[in-house]
Q: 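Quick one: the structure is below, and I'll ask about it shortly.
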Amino acid sequence: MHKTPINSTRQNPIGIFDSGIGGTSIWKEIHRLLPYENTIYLADSLNAPYGNKNECSITKLSIKNTELLLKKNCKLIVVACNTATTSAISYLRQNYAIPFIGIEPAIKPAALHTKTKAIGILATKGTLSSALFSKTAARFANDVKIIEQVGEGIVELIENGELYSKTMETLLRSYLAPMLAQHIDYLVLGCTHYPYLLPVLTKLLPKHIQIIDSGAAVARQTKAVLNSNHLLNLSDKDPHLEFYTNKNTHIMASFLDAELKVNALQF
Ligand code: DGL
């Protein structure tokens with residue numbers, strides 16, 4: 001319905017959006033793999049968390065973010081949010097004429113490599129209750145026990161800049177306890193905010209438990225899709241890297257390298 005033919009060039013930016021700061025963990029993987037690509041990142045922190053909203057609201061927010069990135073001439077959009085991917089990516093793919101990359105929890109590699117046949121997954125309510133998650137779990141982890149845990153409250157703490165707070169540690173301890181009781185050997189981080197928990201999680205978990213996320217896989221997929229659409233930027237000039245948030249620029253900047261500027265924008 002909204003499909004409009006677009007004439008992207010290789011220099012057009014990659015658009016990336018998330019419900020907030022979390023997707024910058026994905027931006028970092030993309031920038032590492034594709035250092036010459038121009039990028040525009042949108043943090044919809046004003047509407048975070050998406051995880052407890054219904055599918056219709058998440059789709060509406062994803063449309064709003066997409067329209068803004070399209071106005072800024074993005075050639076491809078990375079939905080750097082597991083929750084928005086599960087709720088909205090089919091709609092976006094059907095209605096807009098550019099490629100979309102989504103993100104899903106890395107259940108497949110965890111299920112493939114687990115020795116204890118028990119894996120933990122920490123994600124939002126929206127992701128864990130989605131049809132896409134059930135389908136992926138049934139397909140790749142049929143013979144494995146999945147201990148699911150909704151990360152209630154984690155995104156809010158990260159968005160408030162309380163990553164290393166006592167409250168965060170207490171919350172995580174309570175979420176990990178049932179997983180440890182079931183002897184998981186893999187913990188899947190099913191929300192793009194959660195890679196920022198790694199320092200705390202490695203402190204709280206026994207060493208033999210592997211913690212995995214999908215960031216690097218998303219970056220590889222972004223490169224492959226750009227390549228197959230003849231949209232990889234072949235230049236070796238310093239890229240334009242733009243970051244926008246509709247909430248707190250300082251908190252967001254604290255998750256990025258000091259030379260990267262975060263702009264305030266109402267959207
Ligand atoms: N970062 C998001 C994800 O990957 C969403 C978190 C939220 O807003 O609830 O699911």
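Numbers here simply count residues along the sequence, with the first being 1. Quick caveat: nothing in here was measured; it's all calculated off a predicted structure. Just follow the structure's listing: the first ligand is 1, and inside any ligand the first atom is 1.
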Q: Which protein residues have a heavy atom under 4.0 Å from ligand 1?
A: Asp18, Ser19, Pro49, Tyr50, Gly51, Cys81, Asn82, Thr83, Thr124, Val155, Cys191, Thr192, His193

Q: Between Thr86 (side chain) and Thr83 (backbone), is there a donor-acceptor pair under 3.5 Å?
A: yes

Q: Using the ring of each side chain (for Trp, its six-membered ring), is Phe255 parallel, tilted or perpendicular to Tyr196, with breaks at 30° and 60°?
A: perpendicular

Q: Quick one: side chains of residues 199-219, donor-acceptor pairs under 3.5 Å with protein atoms, not counting sequence neighbours, listed by atom name and distance.
A:
{"unit_1": "Thr202", "atom_1": "OG1", "unit_2": "Leu198", "atom_2": "O", "d": "2.7"}
{"unit_1": "Thr202", "atom_1": "OG1", "unit_2": "Pro199", "atom_2": "O", "d": "3.1"}
{"unit_1": "Lys203", "atom_1": "NZ", "unit_2": "Glu169", "atom_2": "OE1", "d": "3.0"}
{"unit_1": "Asp213", "atom_1": "OD1", "unit_2": "Gly215", "atom_2": "N", "d": "2.8"}
{"unit_1": "Ser214", "atom_1": "OG", "unit_2": "Glu104", "atom_2": "O", "d": "2.7"}
{"unit_1": "Ser214", "atom_1": "OG", "unit_2": "Ala106", "atom_2": "N", "d": "3.4"}

Q: Could you identify which residues cluster with Leu132, counting Ile, Leu, Val, Met, Phe, Trp and Tyr as linked when any side-chain heavy atoms lie under 4.5 Å apart, either directly or through a chain of such contacts?
A: none

Q: I'd like to check the salt bridge (charged side-chain N to carboxylate O under 4.0 Å, His left out) partners of Glu29; sequence neighbours left out, ordered by chain and number.
A: Arg32

Q: Going by atom types alone, do Ser62 and Asn65 pair a side-chain donor with an acceptor below 3.5 Å?
A: no

